[in-house]
K.L.:
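Take this structure, written in structure tokens, and hold onto it; I'll ask about it next.
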Amino acid sequence: MSIRTALPLPRRAVLRLGATAATLLAAPALHAEAAWPNRPIRMVVPYTPGAATDAMARLAAQVLQERLGVTVVVENRSGGSGTVGGHAVLQAPADGYTIMGSASIHPMARQVMRSVPYDPVADFLPIARTARGPCVLVLDKRRPQNSVAEVIAAAKADPLRWSFATSSLGAAGHLASIEFNRLAGTQIEVVPYRGSAPALTDVAAGNVPLMFDPVLATLPMIRGGQVKGLGIATARRSPLAPELPTLAESGLPDFAFESWYGVWAPRGVPPDIAARLNAAIVEGLHQPAALHRLADQGFEPVRETIPEIESFIAADVARNAALLKLANFEPQ
């Protein structure tokens with residue numbers, strides 16, 4: 001009986017086998033990375049539930065879930081005029097698994113607040129603008145005024161009895177309030193809240209008389225008799241609410257303000273993942289069911305690439321910053 005002794009392999013063969021083994025071991029990791037997403041995505045909403053920003057974020061989360069095939073969990077993290085939720089997003093890895101559903105206020109943060117723990121433009125990548133819609137001016141139903149002209153006259157006569165509620169500093173409603181004061185020659189105080197829902201609740205309760213807010217929340221309250229609708233901030237009357245005059249008709253020429261909503265990720269998210277998120281949201285929101293939901297709420301979807309969104313945001317911030325400067329607004 002002979003015993004065969006295994007001969008040692010040449011060094012080159014050992015190296016080749018080692019490289020093959022390393023490739024095989026790395027293959028599952030490479031496959032897992034390529035298979036993004038393979039676990040739930042978290043969408044942080046930096047405002048309270050129930051308002052337009054929350055509704056638009058939840059719709060975006062729904063279409064993402066449908067088109068990507070993973071659970072998208074919505075988490076409301078309000079506070080600090082949106083900065084609490086924004087900071088939470090930046091603390092997460094830039095891997096596409098933590099994103100933020102917010103509104104046009106987000107890129108304006110440093111224009112309206114003294115202390116912001118991040119740069120809203122440099123530190124975040126805009127993934128998609130989801131929807132846009134006009135603002136409506138509403139009034140406490142207990143007030144005797146029934147028109148913009150009557151409000152202006154009353155506010156000039158007794159400014160201490162008048163104030164605007166706004167969902168947050170830098171929001172479309174805040175900017176519309178500033179523009180109202182500028183064009184009307186009034187000095188109505190603007191009171192920021194932690195979201196649209198508590199602000200509109202206070203208007204309906206008579207604790208604050210005025211507010212600009214998107215049609216999603218205001219029209220049901222107007223038609224339910226909870227608040228008075230004074231006007232809509234569009235160039236022409238809206239088919240959604242033809243009974244509401246435009247602010248231009250009411251004596252404030254060229255008064256038009258839209259609220260828009262979007263999804264952001266921490267800057268540094270891989271470009272291919274950002275592109276997949278953009279495509280899923282844009283295509284999902286242009287499907288018949290989503291289009292119908294948006295139209296019912298007074299919004300229309302936006303179809304833009306990420307570079308187009310960045311260009312839009314740069315122009316929007318410049319325009320709004322100029323308005324704040326003209327109004328001598330000081331960050332708070």
Side-chain angles (χ1 to χ4, degrees), residues 41 43-47 51-68 72 74 82 85-86 89 96 98-109 111 119-135 167-168 170-176 196 213-217 233-234 256-267 269 271 273-287 289-321:
I41 293 172
M43 180 180 286
V44 175
V45 179
Y47 298 100
T53 301
D54 181 67
M56 291 301 101
R58 289 178 185 276
L59 181 54
Q62 179 184 327
V63 300
L64 272 177
Q65 184 165 291
E66 291 168 354
R67 300 186 79 82
L68 295 179
V72 180
V74 176
V89 172
T98 301
I99 56 180
M100 179 176 70
S102 193
S104 53
I105 174 185
H106 169 69
M108 290 296 297
Q111 308 292 329
D119 186 319
V121 176
D123 294 339
F124 288 84
L125 179 71
I127 295 297
R129 281 208 303 146
T130 53
R132 61 189 180 191
C135 289
S167 61
S168 189
H174 174 217
L175 295 163
S196 290
D213 208 52
V215 290
L216 171 65
T234 51
F257 268 90
E258 279 189 336
S259 185
W260 60 266
Y261 307 88
V263 174
W264 284 261
R267 197 170 287 274
V269 65
I273 292 176
R276 284 195 64 190
L277 285 165
N278 173 271
I281 293 170
V282 170
E283 295 307 321
L285 290 175
H286 280 82
Q287 298 306 304
L291 286 170
H292 183 71
R293 281 185 61 184
L294 288 170
D296 281 349
Q297 296 169 351
F299 293 105
E300 59 178 323
V302 182
R303 186 185 292 276
E304 291 169 332
T305 64
I306 290 174
E308 288 171 340
I309 303 166
E310 294 202 280
S311 295
F312 169 85
I313 288 176
D316 197 49
V317 169
R319 172 231 186 184
N320 293 333

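Computed from a predicted model, the values in this text were never measured in an experiment. FYI, the numbering just counts along the sequence from 1.
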K.L.:
Please find the pair of heavy atoms, one from Phe257 and one from Ala172, that lie closest to each other, and give the distance.
P.N.:
CD2-O, 4.1 Å

K.L.:
For the atom pair CH2 (Trp264) and CE (Met43), what is the distance rounded to the nearest 0.5 Å?
P.N.:
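It is 11.0 Å, given to the nearest 0.5 Å.
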
K.L.:
Are the charged groups of Arg67 and Glu283 less than 4.0 angstrom apart, N to O?
P.N.:
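Looking at Glu283 together with Arg67, the answer is no, because their closest N to O distance does not fall below 4.0 Å.
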
K.L.:
How long is the gap from CD on Glu310 to OG1 on Thr305, to the nearest 0.5 Å?
P.N.:
9.0 Å

K.L.:
Asn278 side chain to Ile127 main-chain N or O, any donor-acceptor pair under 3.5 Å?
P.N.:
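Such a contact is found between Asn278 side chain and Ile127 backbone.
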
K.L.:
Ser259: which residues meet the side chain to side chain donor-acceptor pair (under 3.5 Å) condition with it, sequence neighbours left out?
P.N.:
Tyr261

K.L.:
Of all heavy-atom pairs between Val72 and Gln65, which one has the smallest distance, and what is that distance?
P.N.:
N-OE1, 2.8 Å

K.L.:
Please give me the minimum heavy-atom distance between Ser196 and Asp213, naming the atom from each residue.
P.N.:
OG-OD1, 2.9 Å

K.L.:
Are the side chains of Pro126 and Phe312 in touch, meaning some heavy atoms are under 4.5 Å apart?
P.N.:
no

K.L.:
Would you be so kind as to tabulate the donor-acceptor pairs closer than 3.5 Å made by side chains of residues 98-107, with sequence neighbours excluded?
P.N.:
{"from": "His106", "atom 1": "NE2", "to": "Pro120", "atom 2": "O", "distance (Å)": "3.2"}

K.L.:
Report the distance from atom OG of Ser167 to atom OH of Tyr47, rounding to the nearest 0.5 Å.
P.N.:
6.5 Å

K.L.:
Under the 3.5 angstrom rule, does the side chain of Asn320 hit a backbone N or O of Asp316 as a donor-acceptor pair?
P.N.:
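Yes; judged by distance alone, with no hydrogens or angles, the pair exists.
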
K.L.:
Distance check, rounded to the nearest 0.5 Å: Leu291 atom CG versus His286 atom NE2?
P.N.:
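Here the rounded value is 6.5 Å.
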
K.L.:
For Ser168 and His174, work out which heavy atoms get closest and say how close.
P.N.:
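Here Ser168 and His174 meet closest at O-CB, 3.6 Å.
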
K.L.:
Quick one, Glu300 and Leu294 - any side-chain contact, counting heavy atoms below 4.5 Å?
P.N.:
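Heavy-atom side-chain distance check fails, nothing below 4.5 Å.
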
K.L.:
First locate atom CG of Leu125, then atom CD1 of Ile306, and finally report the distance between them rounded to the nearest 0.5 Å.
P.N.:
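So the gap between those two atoms works out to 5.0 Å.
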
K.L.:
Determine yes or no for a side-chain-to-main-chain donor-acceptor pair under 3.5 angstrom, with Arg267 supplying the side chain and Val121 the backbone.
P.N.:
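Flag set: sc Arg267 to bb Val121 pair under 3.5 Å.
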
K.L.:
Please report the C-alpha distance between Phe124 and Val269 in whole Å, then the side-chain angles of each, then the deciding distance to 0.1 Å, and finally whether the side chain to side chain contact (heavy atoms under 4.5 Å, CB included) criterion is met.
P.N.:
CA-CA 9 Å; Phe124 288 84; Val269 65; over 6 Å; no

K.L.:
Within the distance-only criterion (no hydrogens, no angle test), does the side chain of Glu258 pair as donor or acceptor with the backbone N or O of Pro134 below 3.5 angstrom?
P.N.:
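Judged by distance alone, no pair lies under 3.5 Å.
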
K.L.:
Do Gln62 and Arg293 pair up side chain to side chain, a donor and an acceptor below 3.5 Å, judged on atom types alone?
P.N.:
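Short answer, yes.
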
K.L.:
Quick test of your reading: applying side-chain hydrogen bond (donor to acceptor under 3.5 Å, both in side chains), list the pairs with at least one residue in residues 121-131, sequence neighbours left out, ordered by first then second residue.
P.N.:
Arg129-Glu304

K.L.:
Taking all non-hydrogen atoms of both residues, which atom of Ala128 and which atom of Ile309 are closest, and how far apart?
P.N.:
CA-CD1, 3.4 Å

K.L.:
Apply side chain to side chain contact (heavy atoms under 4.5 Å, CB included) to Val45 and Arg58, showing your working.
P.N.:
CA-CA 9 Å; Val45 179; Arg58 289 178 185 276; 5.8 Å; no

